[in-house]
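This report refers to the structure that appears directly beneath it.
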Amino acid sequence: APLPRNAIRSDATLTSGPLAPGALISIAVSGLSDAAAAAPETDSAPLPLTLAGVAVYVNGAPLPLLSVSASQIRAQLPYDLANAASASLYIRADHATGAATVTSAAPLKLAPASPGVFAFAGEEPRDGIALHSSSRSQADEAPRPITATDPARPGEVLVLWAAGLGAVDADPDMEPVAGVPYAGPDASVSSSLNVFVNGRPAQVLAAILPHGAVGIYEVHVLLPADLNPSQKAEVLIAEESARSNTVTIPIGNAIH
């Protein structure tokens with residue numbers, strides 16, 4: 001069974017590539033799974049390599065799976081693809097009848113970094129998933145989401161959730177492993193990032209793979225103090241020669 005063209009996409013940008021090592025991916029494919037299933041959420045256990053009889057292979061090795069449904073499979077690419085420009089992916093589904101379906105191999109285009117910003121469903125540019133940054137003195141306080149009624153403010157630090165930022169500076173014995181909650185301390189992204197808000201550069205204070213994360217990075221951004229209010233300020237990340245999808249966030253008046 002052939003995979004549909006452009007079926008394999010970044011979970012963040014919803015586009016088909018190129019994809020970075022460690023990226024979370026969605027595969028749009030129908031009729032493979034007999035049932036829907038999601039990986040159990042834990043702080044330390046690795047993601048399963050099969051769900052509802054479905055397994056996804058890249059270069060012959062099974063990928064850790066987040067969820068499987070009748071129309072979509074979500075998985076994480078391995079981090080050790082860092083030096084490859086391409087790979088191949090296929091899916092095997094074992095059915096309750098005892099029969100098996102195996103797709104033909106589809107090519108994956110890879111890049112060291114392919115930034116994406118997570119956003120809610122909707123028309124592009126979608127509403128970005130962003131948080132007000134809680135200060136260190138309020139470490140026990142959960143960061144609040146940025147919403148139309150609780151917008152970001154000029155001069156504020158906000159946190160974007162991102163994917164596809166590639167390699168991080170981790171201790172050799174603490175390198176991230178696909179499908180396993182990251183066990184090391186917060187690790188900085190190896191390459192430098194730029195964030196633009198309505199076309200203006202914003203200061204990147206940190207870009208990290210946080211402790212306990214599975215492929216989801218945090219980018220801490222200081223908004224310019226003289227930023228104009230906007231219900232739909234456009235935000236994107238640039239890394240290496242790649243640019244992310246554009247998302248929107250609401251920005252209110254400065255607090256004096």
Side-chain angles (χ1 to χ4, degrees), residues 3-29 32-33 37-39 45-51 54-69 72-93 102-118 161-170 174-184 187 189-191 193 207-210 212-219 237 239-245:
L3 280 172
R5 180 175 170 81
N6 298 329
I8 307 160
R9 300 179 176 184
S10 156
D11 226 14
T13 67
L14 307 185
T15 59
S16 57
L19 298 162
L24 300 179
I25 62 169
S26 298
I27 308 167
V29 61
L32 278 183
S33 174
L47 294 175
L49 301 179
T50 60
L51 272 175
V54 172
V56 180
Y57 297 86
V58 164
N59 292 350
L63 297 187
L65 303 178
L66 292 103
S67 64
V68 167
S69 73
Q72 185 186 68
I73 300 167
R74 296 179 59 238
Q76 186 179 17
L77 293 180
Y79 283 96
D80 58 8
L81 296 172
N83 297 316
S86 62
S88 75
L89 177 150
Y90 73 91
I91 302 167
R92 177 187 173 102
V102 180
T103 70
S104 54
L108 282 181
K109 187 176 180 183
L110 303 173
S114 183
V117 184
F118 284 100
W161 283 351
L165 303 188
V168 295
D169 296 327
M174 286 289 183
E175 293 283 351
V177 176
V180 179
Y182 178 54
V189 173
S190 298
S191 55
L193 303 185
I208 59 170
L209 183 67
V214 177
I216 298 179
Y217 301 76
E218 290 182 1
V219 181
I237 295 173
E239 181 182 11
E240 304 289 347
S241 59
R243 290 193 164 221
S244 74
N245 53 317

Are any non-hydrogen side-chain atoms of Leu108 and Leu89 less than 4.5 angstrom apart? yes

Compare all side-chain heavy atoms of Val117 with those of Trp161 and state whether any distance is below 4.5 angstrom. no

Just by modelled atom types, is the Gly164 backbone N or O under 3.5 Å from a matching donor or acceptor in the Ser114 side chain? no

Output yes when a side-chain donor or acceptor of Tyr217 lies under 3.5 Å from a complementary backbone atom of Gly166, and no otherwise. yes

Spacing of CZ belonging to Arg74 relative to CG belonging to Leu51, to within rounding of 0.5 Å: 11.0 Å

If you define the side chain from C-beta out and look only at heavy atoms, does anything of Leu209 sit under 4.5 Å from Pro176? yes

Look at the side chain of Ser244 and the backbone N and O of Ile237, then say whether any donor-acceptor pair between them is shorter than 3.5 Å. yes

Is it the case that the side chain of Asp169 and the backbone of Ala187 share a donor-acceptor pair, with hydrogens and angles ignored and the cut-off at 3.5 Å? no

Do Lys109 and Ser86 come close enough that some side-chain heavy atom pair is under 4.5 Å? no

Side chain to side chain contact (heavy atoms under 4.5 Å, CB included) with Glu175: which residues, sequence neighbours excluded? Ala170

Tyr182 side, atom OH; Ile216 side, atom CD1 - distance, nearest 0.5 Å: 16.0 Å

Test side chain to side chain contact (heavy atoms under 4.5 Å, CB included) on Leu81 and Asn59; report intermediate values, then the result. CA-CA 10 Å; Leu81 296 172; Asn59 292 350; 4.1 Å; yes

Indicate yes or no for a side-chain donor-acceptor contact from Ser190 to the backbone of Ala167 under 3.5 Å, with no hydrogens or angles considered. yes

How close do Pro78 and Ala178 get, counting heavy atoms only, and between which atoms? CA-CB, 3.7 Å

Work out which heavy atom in Ala113 is nearest to a heavy atom in Glu240; give both atom names and the distance. CB-CG, 4.2 Å

All heavy atoms of Ala106 vs all of Ile8, minimum pair found to be CB-CD1, 4.1 Å

Min side-chain heavy-atom separation Asp80-Pro21 under 4.5 Å: no

Would Asn245 and Leu14 count as a side chain to side chain contact (heavy atoms under 4.5 Å, CB included) if you check the C-alpha gap in whole Å, the side-chain angles of each, and the deciding distance to 0.1 Å? CA-CA 9 Å; Asn245 53 317; Leu14 307 185; over 6 Å; no

Matching residue for Leu63 among Ile91, Leu49, Ile27, Val58 - test: side-chain contact (heavy atoms from CB on, under 4.5 Å): Val58

Closest heavy-atom pair and its distance - Arg9, Leu19: C-CD2, 4.2 Å

Minimum side-chain heavy-atom gap Ile25-Val56 below 4.5 Å: no

Any donor-acceptor pair under 3.5 Å from Gln76 side chain to Gly22 backbone: yes

Nearest atoms (heavy-atom pairs only) where Thr13 meets Pro115: CG2-O, 3.7 Å

Looking only at heavy atoms, the pair that brings Leu3 and Ser104 closest together is N-OG, 4.0 Å

Side chains of Leu110 and Pro18: closer than 4.5 Å at any heavy-atom pair? no

So do the side chains of Tyr79 and Val168 get within less than 4.5 Å of each other, counting heavy atoms only? no

With Arg92 via salt bridge (charged side-chain N to carboxylate O under 4.0 Å, His left out) - residues at least two apart: Asp94

